[in-house]
Structure formats: C-alpha cells, structure tokens
Protein chains: 2
Amino acid sequence: MNEIDKKLLDKEVRPTAMRTLVYQQLAKQNTAVALTDIELAFTKADRTTLYRTVKTFEEKGIVHQIDDGTGISKYALCEPGCNCEIENDLHLHFHCSNCDKTVCLTEHKIPQISLPDGYVAEDVNLVVKGICSDCSGS
Amino acid sequence: MNEIDKKLLDKEVRPTAMRTLVYQQLAKQNTAVALTDIELAFTKADRTTLYRTVKTFEEKGIVHQIDDGTGISKYALCEPGCNCEIENDLHLHFHCSNCDKTVCLTEHKIPQISLPDGYVAEDVNLVVKGICSDCSGS
DNA sequence: AATTATAGTGCAATGGAAGTGCATTAACTT
DNA sequence: AAGTTAATGCACTTCCATTGCACTATAATT
Ligand SMILES: [Mn+2]
Ligand SMILES: [Mn+2]
Ligand SMILES: [Zn+2]
Ligand SMILES: [Zn+2]
C-alpha cells in the first residue's frame, strides 16, 4: 500500500482509485484549486464524483475549503499536523487579482480578534486580495 | 428635498423614487442584507432594478458589499465618513451561524497584516463566524 | 466461491444567485 | 415641446453548487 492510501485510511477515508488520484493531483498544486480545475485534470471522471470526493476530503480534514471572495470555492490539502476536523487551522489566504490564483499562507496565522460583548467566535476567515509575488515581479 | 436625496446627490447618484426607497430600506436595517431581502421588501419592484440600484450604490460608495462566506452577497450602508470609493473601510464582519445574520462591526478595524516578500495587499476581508449577541443570550 | 450489504460512481436534473440585452418609460436639458 | 439621456421591467442566460436515482465496485458474511 502506498503513502497516499495510508494517509487516506488514517483519516478514515477508503482509498478508492479515484480518491488516490485526486489526492495526488491536489498534492501537485502549489495553489488552491477550484472544482473545475480538478475536473480539467480528469476528463474521464464525472464532475459529481470529484465534487463528492472533495467534500469527503473536507469532512475528514484532508482538505480545507477556501472562500477567496471570487464566489468559487477553492480547496487545498491541509498541512501535516493540521487538525481541521477538531480545530481550524486559522492561516490566512491570499488571492491575486492579476493571475486569479489563491494561495494558502500557512505560516501566517490570523491574529486574535476582539469582539463586542456577547459575540462568540467559532471560525475566522481572513483573505487578502492583491498582487502575488509571481505577478509583482519582485 | 429630503435628507436621503441630498445624500444620494452628494454621491453623484440621481435620486429616483426607487433609489430613495431602497436607501430608506437599507437605513432601517441593523444587519447587512442580501438582494433577496430587499426584493421581499419591494414586491412591486423588479429584481433587476433592485440589483442595479444596489450596484450603483456600491460603485458610488453608498453601500459596501460583504462576502460573509455564505456565498450570498450582503450589502450595508457605509458609515458617514467612510470613503469606500477611495479607500476601503476595513472593518470586520460577523456572521452568526445561528440566526444567519451578518453585521458590520464598524468599530473593529482589521489589524495590519504582514505578508511574505513580493506580495502586495490591495484589499482585506475579515469575517468572523460564530454566535451573535442576540443568539448567545448574554 | 457465491451471496448479501455497503459504499462509490455516473448521469441527469434541479436550484439559487448573479448578470446581460433590449424594449419601454421616466427624467432631465435645451 | 422636442430631443436626449438615464432608469426601469421583462425575459433570458450563465455559472457553480447540489441532489436523486440507478448502476457498479468493494467489502463483509455465509
Ligand atoms: Mn489554506
Ligand atoms: Mn460592513
Ligand atoms: Zn498573481
Ligand atoms: Zn445570531
């Protein structure tokens, strides 16, 4: 059994052929990807299957969903050690308005946010929009 | 001429009957509203008109659009003194997972965010999800 | 190994919200 | 009043997310 299948089993996801391939595909990326992106990489697989694969991954803490403000959900593998299922990994995300790519800035954690009395925080989403390092040419 | 129309003119928006009414409606709210919410308040007006009214308001800095992570755009009047057209008013937003309401926490500005080298920030969106003061009962 | 149960996949269809084209109507200008 | 420009209403489109159901593969049981 290969490494990926072990990881899937570890997260209580049965390693089907499709799932292994999708995981591989995600592991290749250095940006967060939309479902459509995955779809393009697997012309033979059905969109629904990919959709449900990613949803399963999300539920089991293998990927996290990213709302980058474009209206299209992006997904990225969770870092090793990230316990998404239990506690969110509150790093920030960056969306480039030039190349339209979205990246996880895993090292940049979201600062503690103070809220008015009576408000209870459960989750925080912080997205910075601007020009990424590839596009700023510096 | 009434107060609302003055405000609209001040922002270079011609105060039509429809626009004045939409502004009034927005002023009544204490939460951010979706287009559908506005639609419900104006059963006689067409969705498109309301849509374009809100878009115009947004372009002219009368309202700001809020992406609260639900996938449905919300809108709220800008605070007096907010110069949205020129510079974003970077306050945080709170979305209640219980009552599904989204509020502007105008007093809570988004802290300065540090980015990796080469990244240039243009805009920041910070949304906290959790339980609002109405729902937490405290 | 054959049978049964369970989980995954593919296809078709739906839903919700955002957005556009165009004809009509209202508002402003001269 | 006539002409011009902007706003409105209706119909239609697009895009992505999501679901129902039949079919197939995988796992468990006999
Ligand atoms: Mn991330
Ligand atoms: Mn706001
Ligand atoms: Zn870029
Ligand atoms: Zn609430």
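Numbered from 1 within each chain, the chains take letters A, B, ... in sequence-line order. These numbers come from a predicted model, not from an experiment.
Between the CD atom of B/Glu12 and the P atom of D/dA6 there is a distance of 13 Å, rounded to whole Å. Whole-Å rounding puts the B/Asp46 CG to C/dA18 P distance at 14 Å. In this structure, B/Lys44 places its NZ atom 10 Å from P of D/dG9, rounding to the nearest Å. Nucleotide C/dG8 holds its P atom 15 Å from the CG atom of A/Leu50, rounded to whole Å.
A/Asn98 contributes no side-chain N or O that, together with a main-chain N or O of A/Cys132, makes up a donor-acceptor pair within less than 3.5 Å.
Qualifying salt bridge (charged side-chain N to carboxylate O under 4.0 Å, His left out) partners for B/Arg14, counting only residues two or more places apart in sequence or in other chains: none.
Looking at B/Arg47 and B/Glu39, a side-chain N of the basic residue comes within less than 4.0 Å of a carboxylate O on the acidic one, giving a salt bridge.
Ranking D/dT8, C/dG8, C/dT9 by closeness to the A/Arg19 side chain, first place goes to C/dG8.
Clustering of Ile, Leu, Val, Met, Phe, Trp and Tyr side chains at separations under 4.5 Å places A/Leu92 together with A/Leu90, A/Phe94, A/Val103, A/Leu105, A/Ile110, A/Ile113, A/Leu115, A/Tyr119, A/Val124, A/Leu126, A/Val128, B/Leu90, B/Leu92, B/Phe94, B/Val103, B/Leu105, B/Ile110, B/Ile113, B/Leu115, B/Tyr119, B/Val124, B/Leu126, B/Val128. With a 4.5 Å cut-off between side-chain heavy atoms of Ile, Leu, Val, Met, Phe, Trp and Tyr, the cluster of B/Ile131 takes in A/Val120.
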Distance-only donor-acceptor pairs under 3.5 Å for side chains of residues 27-37 of chain A, two or more places apart:
from    : atom 1 : to      : atom 2 : distance (Å)
A/Lys28 : NZ     : A/Gln25 : OE1    : 3.4
A/Gln29 : NE2    : A/Gln25 : O      : 3.2
A/Asp37 : OD2    : A/Ala34 : N      : 2.8

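Here A/Thr49 does not reach the OP1 or OP2 of C/dG8: none of its side-chain N or O atoms lies under 4.0 Å away.
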Which letters describe nucleotides 23-30 of chain C, given B = protein heavy atom under 4.0 Å from base, S = only from sugar-phosphate, - = neither? ----SS--

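Residues A/Leu50 and A/Val54 have side chains not in contact (no heavy-atom distance under 4.5 Å, counting atoms from C-beta outward).
Under the 6.0 Å cut-off for aromatic ring centres, A/His91 and A/His93 qualify, their centroids lying closer than that.
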Mind listing the N/O atom pairs, protein and nucleotides 17-21 of chain D, below 3.5 Å?
from   : atom 1 : to      : atom 2 : distance (Å)
D/dA17 : OP1    : A/Ser73 : N      : 3.2
D/dA17 : OP2    : A/Arg47 : NH2    : 3.2
D/dT18 : OP2    : A/Tyr51 : OH     : 2.8
D/dT18 : O5'    : A/Tyr51 : OH     : 3.0
D/dG20 : O6     : A/Arg52 : NH2    : 3.1

